[in-house]
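Scroll down for the structure; my scribbles are underneath it.
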Amino acid sequence: MKLKVPVIGGICQSTQGRDKDRYYIIREIYPDGAIGVVDGNFKKLACPKRKNVKHVRLLHEKAESISLKFIDGRQVFDSEIFSALKSYNYPQMEKTEQTKTE
């Protein structure tokens with residue numbers, strides 16, 4: 001089943017453009033149907049990337065704590081977003097960190 005409606009704090013994957021296969025968290029939803037996405041590294045909270053919903057694959061996963069902060073208007077840091085997406089965008093970093101701690 002494919003998710004069709006974007007939600008704030010939801011995770012999506014870019015399917016078109018230079019950033020193809022990159023994962024983002026949805027920061028805002030624009031009235032024309034586009035979304036503003038951030039990844040905490042290349043696209044920061046200060047300047048979200050505007051993407052057409054047709055050019056992203058919406059995942060069922062959601063960053064719950066970040067989503068609640070966005071909705072409540074509390075401050076979110078780029079480092080939090082980067083950490084939430086680390087396992088998606090940098091799976092090799094995740095594996096090396098696990099082996100270092102063991």
**Q.** Spatial distance of atom CZ (Arg57) from atom OG (Ser14) [nearest 0.5 Å]
**A.** 11.0 Å
Q | Considering all heavy atoms, the nearest Ile25-Ala84 contact | A | CD1-CB, 4.1 Å
Q | Residue pairs, two or more places apart or on separate chains, that pass ring-ring contact (aromatic ring centres under 6.0 Å, His included) and touch residues 15-48 | A | Tyr23-Tyr88
Q | Considering all heavy atoms, the nearest Pro48-Glu28 contact | A | CG-OE2, 3.3 Å
Q) Should Asp39 and Arg27 count as an ion pair when the cut-off is N to O under 4.0 Å? A) no
Q) Do Lys51 and Asp19 come within less than 4.5 Å of each other through their side chains, counting heavy atoms only? A) yes
Q) Just by modelled atom types, is the Asn41 backbone N or O under 3.5 Å from a matching donor or acceptor in the Asp78 side chain? A) no
Q: Answer yes or no: is there a side-chain heavy-atom contact under 4.5 Å between Gln13 and Asp21?
A: yes
**Q.** Closest approach of Ile81 to Gly40 (non-hydrogen atoms, all atoms of both residues)
**A.** CG2-N, 3.7 Å
Q | Reported CG-to-CD1 distance for the pair Leu59 and Ile26, which is rounded to 0.5 angstrom | A | 9.0 Å
**Q.** Where Arg50 and Asp32 come nearest, the two heavy atoms and their spacing
**A.** NH2-OD2, 2.5 Å
Q) Between Ser83 (side chain) and Ser79 (backbone), is there a donor-acceptor pair under 3.5 Å? A) yes
Q: Under the side chain to side chain contact (heavy atoms under 4.5 Å, CB included) rule, what do Arg22 and Thr15 come out as? Steps first, then yes or no, please.
A: CA-CA 8 Å; Arg22 192 145 185 84; Thr15 58; over 6 Å; no
(Q) Which heavy atom of Val38 sits nearest to which heavy atom of Lys44, and what is that distance? (A) CG1-O, 3.5 Å
Q) Should Phe70 and Ile66 count as side-chain neighbours, where that means a heavy-atom distance under 4.5 Å? A) yes
Q) In chain order, what residues pass the side chain to side chain contact (heavy atoms under 4.5 Å, CB included) check against Arg74, with sequence neighbours excluded? A) Leu68, Lys69, Asp72
Q. Leu58 and Val5: which non-hydrogen atoms are nearest, and at how many Å?
A. CD1-C, 3.9 Å
